[in-house]
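Quick notes on the structure that follows.
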Amino acid sequence: MNILWAIMVMFGALGGTGDPGDTAGGASVKSSLETAINSAIIRSQGAGAAVVNADNPPAKVDPQPGAPRVKGIYVTAYSAGGERMAKLLKLLDDTELNSMVIDIKDDAGYITYPTPNAKLKKMGKPQPFITDISALMIRLKKHNVYPIARIVVFKDTVLAKNNPKLSFRNPDGSLWKNGGGDSFVNPYSKEVWDYNIEIAKEAAKLGFKEIQFDYVRFPEGFEKKAGKLTYAKTDKSRVDAVAEFVQYARKQLAPLGVRVSVDIFGYAASVPAAEGIGQDFVKISENVDVISPMVYPSHYSTGWYGVKDPDKNPYKVIKGSMEDTHKKLEATKDLKPVIRPWIQDFTASWLGSGHYIKYGKKQIEDQIRAMKEAGVDEYLLWNASNRYTSGVDY
């Protein structure tokens with residue numbers, strides 16, 4: 001009924017169907033009508049429309065059908081709010097790159113700008129890494145940058161310390177930490193869901209066109225420690241808990257006109273669902289607009305795709321990973337998202353002598369060529385220090 005009403009309203013606003021011979025007018029009517037129908041569908045799928053259910057994803061409607069084909073780079077909050085930003089903007093000005101993925105909530109859990117939101121201030125610990133977020137958004141728009149807000153979700157030491165009940169606790173009551181000293185918050189917690197979505201909504205209002213959720217999972221190896229830890233949970237599986245967070249987030253954010261994307265381990269496309277950490281490539285993909293598998297060649301071990309040292313053969317690794325990604329997503333049919341991988345623009349020297357190569361122009365172009373041959377023309381470049389290779393043909 002909502003869709004029918006939208007059609008009637010649109011045709012009334014346009015003064016009827018128009019002259020069939022007027023091609024330009026017909027195209028305009030079609031475009032406006034499509035937009036109205038999409039908006040109506042998105043509203044009908046809103047957060048209050050139905051209970052989230054990992055086995056029943058809503059029909060896929062792109063909240064931003066006019067989005068460009070994204071070719072982007074990762075930008076830390078330090079870079080976004082500092083001197084390096086000028087160099088990064090020039091890189092985009094001078095190349096086919098057109099997007100930046102900027103940390104709005106980082107790997108430690110810090111909100112990276114001084115938010116005025118009282119709820120976010122109470123639950124998190126905002127830091128002024130980006131001192132003037134509004135000025136940053138104006139700057140990005142001036143340079144025609146497609147802005148994506150990166151939000152690290154369940155890896156959140158800040159929130160875990162401030163609210164231990166939202167995290168995992170050891171038998172002695174202390175806060176659980178991984179080997180690196182980081183804590184995670186509980187993917188079963190709706191309070192955690194709403195906290196992260198509140199940050200995402202603020203990012204949308206600031207002008208970000210897409211929300212990219214990272215660390216959408218339980219800690220690595222969780223299945224080996226779950227029985228010893230104290231945390232709240234439901235009768236849902238870990239896989240469903242994670243997928244339903246993504247579905248819930250998209251229902252909340254789509255009406256704001258922003259896309260939702262999720263980062264996921266690259267090898268997730270090549271193996272069965274990772275029950276331990278709660279990541280199912282297909283279930284997550286069915287509930288996002290964009291899926292970004294992290295297919296860094298350095299992150300694959302000996303033997304993947306028939307390669308002894310994957311880091312030394314980026315073309316073959318990316319080619320194999322894209323083939324697996326397409327196969328895995330065949331099951332999603334009309335729910336298939338845009339495939340936009342993270343690729344490698346860094347040298348993995350930690351792999352040891354003989355197992356890595358220095359990454360530069362050729363290695364990056366090899367990865368891009370492998371994706372293009374697989375029909376994938378969107379990608380993101382990762383370099384943790386934001387020092388990207390010059391002279392690359394993107």
Side-chain angles (χ1 to χ4, degrees), residues 52-55 57 107 150-156 167-168 176-180 182-189 192-193 196 212-229 231 233-250 260-288 290-305 310 317-318 320-332 335-337 339-344 380 382:
V52 291
N53 183 343
D55 294 320
D107 294 56
R150 177 177 180 255
I151 296 176
V152 177
V153 183
F154 298 121
K155 180 185 177 186
D156 192 334
S167 185
F168 306 103
W176 175 85
K177 299 177 183 178
N178 65 14
D182 304 309
S183 294
F184 278 61
V185 287
N186 186 0
Y188 281 108
S189 170
V192 171
W193 291 11
N196 283 278
Q212 183 187 95
F213 292 119
D214 200 358
Y215 284 87
V216 185
R217 60 177 177 82
F218 287 77
E220 289 184 78
F222 188 78
E223 67 278 12
K224 299 176 183 178
K225 57 181 73 75
K228 300 177 183 178
L229 298 176
Y231 63 101
K233 64 178 181 178
T234 68
D235 59 355
K236 296 279 187 177
S237 68
R238 289 191 285 271
V239 161
D240 283 353
V242 168
E244 289 180 0
F245 160 71
V246 177
Q247 185 180 121
Y248 179 75
R250 190 165 179 271
V260 168
S261 59
V262 164
D263 298 334
I264 193 167
F265 286 130
Y267 62 75
S270 309
V271 299
E275 301 283 350
I277 61 172
Q279 280 195 338
D280 183 308
F281 197 97
V282 172
K283 283 193 173 184
I284 289 175
S285 294
E286 287 176 336
N287 287 290
V288 295
V290 180
I291 191 73
S292 289
M294 299 174 285
V295 292
Y296 316 121
S298 60
H299 285 36
Y300 289 84
S301 55
T302 299
W304 275 94
Y305 306 117
V317 172
I318 298 300
S321 68
M322 291 300 95
E323 289 174 352
D324 283 354
T325 296
H326 283 306
K327 288 178 183 177
K328 180 73 81 170
L329 292 181
E330 283 178 0
T332 63
L335 295 174
K336 186 176 182 178
I339 300 169
R340 188 195 300 150
W342 279 103
I343 61 173
Q344 180 171 332
L380 301 168
W382 180 273

Criterion side-chain contact (heavy atoms from CB on, under 4.5 Å) on Met294 and Ile264, from CA distance to verdict: CA-CA 6 Å; Met294 299 174 285; Ile264 193 167; 5.6 Å; no
Val216 vs Phe154, test: side-chain contact (heavy atoms from CB on, under 4.5 Å). Steps then yes/no. CA-CA 6 Å; Val216 185; Phe154 298 121; 4.2 Å; yes
Using the rule given for side-chain contact (heavy atoms from CB on, under 4.5 Å), can you reason through Val52 versus Phe245, listing the C-alpha separation, both sets of side-chain angles and the distance that settles it, and then say yes or no? CA-CA 8 Å; Val52 291; Phe245 160 71; over 6 Å; no
Let me see the working for Phe281 and Phe265 under ring-ring contact (aromatic ring centres under 6.0 Å, His included), right down to the final yes or no. CA-CA 9 Å; Phe281 197 97; Phe265 286 130; over 10 Å; no
Apply the test side-chain contact (heavy atoms from CB on, under 4.5 Å) to residues Phe213 and Asp263: give CA-CA distance (whole Å), side-chain angles for both, the deciding distance (0.1 Å), then the verdict. CA-CA 6 Å; Phe213 292 119; Asp263 298 334; over 6 Å; no
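Residues Ser237 and Glu275 have side chains that never bring a donor and an acceptor to within less than 3.5 angstrom of each other. Side-chain polar atoms of Asp324 and Tyr305 form a donor-acceptor pair below 3.5 angstrom. Between the side chains of Ser321 and Tyr267, no donor N or O sits under 3.5 Å from an acceptor N or O.
Within a 6.0 Å radius of NZ in Lys328, more than 12 heavy atoms belonging to other residues, nucleotides or ligands are found.
With values rounded to the nearest 0.5 angstrom, Asp156 atom CG is found 12.0 Å from Tyr215 atom OH. In this structure, the separation between CG on Asn186 and OG on Ser167 is 8.0 Å, given to the nearest 0.5 Å. Of the inter-residue distances, the one linking Lys225 atom NZ with Asn178 atom CG reads 8.0 Å to the nearest 0.5 angstrom. Interatomic distance, CZ of Arg217 versus CD1 of Ile284, reported as 10.5 Å (0.5 Å rounding).
A salt bridge links Lys283 to Asp240: one of the charged nitrogens lies within less than 4.0 Å of a carboxylate oxygen. Asp182 and Lys177 are not joined by a salt bridge, as no carboxylate oxygen comes within less than 4.0 angstrom of a charged side-chain nitrogen.
With hydrogens and angles ignored, the 3.5 Å screen pairs a side-chain donor or acceptor of Asn196 with a backbone N or O of Val192. Listed for the Glu244 side chain is a donor-acceptor partner under 3.5 Å among the backbone atoms of Ala54. Of the possible polar contacts, none joining the Gln279 side chain to the Ala268 backbone as a donor-acceptor pair under 3.5 Å is found. Using modelled atom types, one side-chain atom of Thr332 and one backbone atom of Leu329 make a donor-acceptor pair closer than 3.5 Å. The backbone N or O of Val295 lies less than 3.5 Å from no partner atom in the side chain of Trp342, so there is not a single donor-acceptor pair. Of the possible donor and acceptor atoms, one in the side chain of Gln344 sits under 3.5 Å from a partner among the backbone N and O of Ser298.
Considering every non-hydrogen atom in both Arg250 and Val260, the closest pair reads CA-CG2, 4.0 Å. Of all heavy-atom pairs spanning Ser183 and Trp176, the tightest one is OG-O, 2.8 Å. Closest of all the heavy-atom pairs between Gln247 and Pro57 is NE2-CA, 3.7 Å. Smallest separation of non-hydrogen atoms from Gly278 and Val242: O-CB, 3.2 Å. Residues Ala273 and Asp280 share a closest heavy-atom pair of CB-OD2, 3.4 Å. In terms of heavy atoms, Glu223 sits closest to Ile277 at OE1-N, 4.4 Å.
Inter-residue side-chain proximity for Ile339 and His326 is flagged as met; some heavy-atom pair is nearer than 4.5 Å. Within the 4.5 Å cutoff, side-chain heavy atoms of Arg340 are placed close to those of Leu380. Counting only heavy atoms from C-beta outward, the side chains of Asp107 and Lys155 approach each other to under 4.5 Å. A heavy-atom distance below 4.5 Å is not found between the side chains of Ser189 and Tyr231. With contacts defined as side-chain heavy-atom distances shorter than 4.5 Å, the pair Met322/Lys327 does not qualify. Within the 4.5 Å cutoff, the side chain of Pro310 has heavy atoms near those of the Val317 side chain.
Partner Phe168 forms a ring-ring contact (aromatic ring centres under 6.0 Å, His included) with one of Phe184, Tyr188, Phe222 and no other, that one being Phe222.
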